[in-house]
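One structure below.
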2 protein chains.
Amino acid sequence: MSLVNRKEQIEQTATRLFKTQGFAATSMRTLAQSLGMEAASIYAHIRSKEEILQKVCFRLANDFFTGFQNAVSQPGTSTDQLQAAIVEHVRVITTNLEAATVFQTEWRHLSEPYLGQIIKLQTEYEAKFRDLLKTGKAKGEFKFNDVHLTTRVLLASLNGIAQWYNPDGILTPTEIATNFNSIFLHGIVKGKISN
Amino acid sequence: MSLVNRKEQIEQTATRLFKTQGFAATSMRTLAQSLGMEAASIYAHIRSKEEILQKVCFRLANDFFTGFQNAVSQPGTSTDQLQAAIVEHVRVITTNLEAATVFQTEWRHLSEPYLGQIIKLQTEYEAKFRDLLKTGKAKGEFKFNDVHLTTRVLLASLNGIAQWYNPDGILTPTEIATNFNSIFLHGIVKGKISN
DNA sequence: CCTACCGATCGGTAGG
DNA sequence: CCTACCGATCGGTAGG
């Protein structure tokens with residue numbers, strides 16, 4: 001039990017270092033020093049440096065999928081489901097801030113077969129958002145020119161939250177999601193009627 | 001003159017490797033092999049590995065500033081200027097695809113004083129966009145709740161282009177900019193009147 | 001969780 | 001642009 005906690009502590013500290021220094025530039029000795037132990041001792045708890053990165057990436061990928069599933073499993077229009085999916089995505093990032101950043105920026109350092117698996121998961125997640133937008137357009141709810149571009153614009157700006165979100169800041173995750181929905185659904189031009 | 005070309009070739013090859021493997025994970029020996037020379041020979045052309053990263057980052061930062069200046073130096077509404085700024089940003093990224101990616105993802109590996117300088121430039125660039133949005137709102141052209149969030153959403157999605165843009169793909173840089181303008185100005189909800 | 005240590009590799013320099 | 005090489009550091013293992 002104490003070993004389990006120590007393992008979690010190692011992963012948490014490593015995640016923080018991976019975020020600030022990057023995976024490749026973070027040495028096991030630096031990690032050990034942050035934990036108050038010797039580098040060799042870490043291997044009593046983990047198999048390799050990469051194993052930590054693997055856990056972080058797959059845990060986050062799984063969280064994003066679960067969040068999306070929650071969003072689209074409830075009845076409603078495509079607009080409702082998109083809003084819910086945005087809320088879920090914001091929630092996953094803001095409640096796993098450091099891990100989300102590491103997942104986004106360090107996944108390329110995974111080795112096979114994990115690299116291929118995580119790319120596949122990212123592709124699938126993007127496809128889920130794309131299908132949601134496509135369905136909404138077919139139903140006459142949405143308008144846009146290119147569904148691939150629109151999906152990527154949305155996801156890039158959502159993932160960007162990890163780079164600037166401050167848990168001690170003014171904006172709550174809910175408020176952030178509300179702002180996103182407003183921008184993407186209605187734009188920022190002051191219209192004459194609907195706004 | 002041949003030395004100048006060789007230097008540019010080194011920087012170009014390094015940029016490509018930094019993009020795919022990351023700065024820290026790219027060794028001078030790997031770079032040398034890609035160039036068909038010995039690692040030690042590279043130092044006849046450059047001072048250090050980091051010097052290459054410095055050049056890439058500051059060149060791109062400068063390009064983004066110049067682009068923005070071009071956009072706002074012509075008369076027009078805030079909407080016109082925002083559209084022009086988006087066109088310029090898309091242009092800088094798509095014409096410097098690999099360098100833009102390296103700038104975005106590897107700048108944290110710069111050492112002082114360069115690190116502080118590049119952070120300052122990023123902060124200033126974001127402030128320019130923010131002021132443009134702020135002015136547009138004050139003039140009654142724009143609507144949004146939080147100018148900081150809105151600016152970051154816009155810039156994150158613009159920078160995300162570097163991750164998916166394909167020079168051989170269907171969408172031209174101009175078309176990409178047009179799509180961005182449509183999404184951010186009018187949103188993706190099918191309105192009754194203005195759309 | 002430690003000491004002691006492994007082979008490999010790192011960025012970079014000397015000298016030509 | 002090369003050979004030869006430097007000290008430092010890397011991820012990880014053996015054995016306790």
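The sequence lines fix the lettering, A, B, ..., with proteins before strands; numbering per chain opens at 1.
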Within this structure, what is the CD1-OG1 distance for the pair Ile52(A) and Thr13(A), rounded to the nearest 0.5 Å? 9.0 Å
Give me the ring orientation class for Phe184(A) and Phe180(A): parallel if the planes are under 30° apart, tilted from 30 to 60°, perpendicular past 60°. parallel
How would DNA chain C look in dot-bracket form, 5' to 3', counting Watson-Crick and G-U wobble pairs with both distances under 3.5 Å and writing | for bases paired to another strand? ||||||||||||||||
Using the side chain to side chain contact (heavy atoms under 4.5 Å, CB included) definition, which of the options Thr172(A), Thr94(A), Leu97(A) pairs with Pro167(A)? Leu97(A)
Please assess His89(A) against Tyr125(A) for the test ring-ring contact (aromatic ring centres under 6.0 Å, His included), listing each intermediate value before the final yes or no. CA-CA 11 Å; His89(A) 194 101; Tyr125(A) 188 70; 5.6 Å; yes
How does each nucleotide of nucleotides 5-16 of chain D score, in 5' to 3' order, for protein heavy atoms under 4.0 Å: base (B), sugar-phosphate only (S), or none (-)? -----BBBB---
Under 3.5 Å, which donor-acceptor pairs link side chains of residues 56-70 of chain B to any protein atom two or more places apart or in another chain?
{"from": "Arg59(B)", "atom 1": "NH1", "to": "Asn96(B)", "atom 2": "OD1", "distance (Å)": "3.2"}
{"from": "Thr66(B)", "atom 1": "OG1", "to": "Asn62(B)", "atom 2": "O", "distance (Å)": "3.0"}

Classify the side-chain pair Gln163(A)/Thr101(A) by whether it contains a donor and acceptor separated by less than 3.5 Å. no
Whole-Å distance between dC2(C) C1' and Leu35(A) CG? 15 Å
Asp80(A)-Thr77(A) side chain donor-acceptor pair, cut-off 3.5 Å: yes
Do the side chains of Phe103(A) and Ile118(A) get nearer than 4.5 Å, heavy atoms only? yes
Sequence neighbours excluded, which residues qualify as salt bridge (Lys or Arg N to Asp or Glu O under 4.0 Å) partners of Glu126(A)? Arg130(A), Arg152(A)
Less than 3.5 Å apart, which donor and acceptor atoms pair up between the side chains of residues 14-21 of chain A and the rest of the protein, not counting sequence neighbours?
{"from": "Thr15(A)", "atom 1": "OG1", "to": "Glu11(A)", "atom 2": "O", "distance (Å)": "2.6"}
{"from": "Thr20(A)", "atom 1": "OG1", "to": "Arg16(A)", "atom 2": "O", "distance (Å)": "3.2"}
{"from": "Thr20(A)", "atom 1": "OG1", "to": "Leu17(A)", "atom 2": "O", "distance (Å)": "3.3"}

Where along residues 104-113 of chain B does a heavy atom fall under 4.0 Å from DNA chain C? none
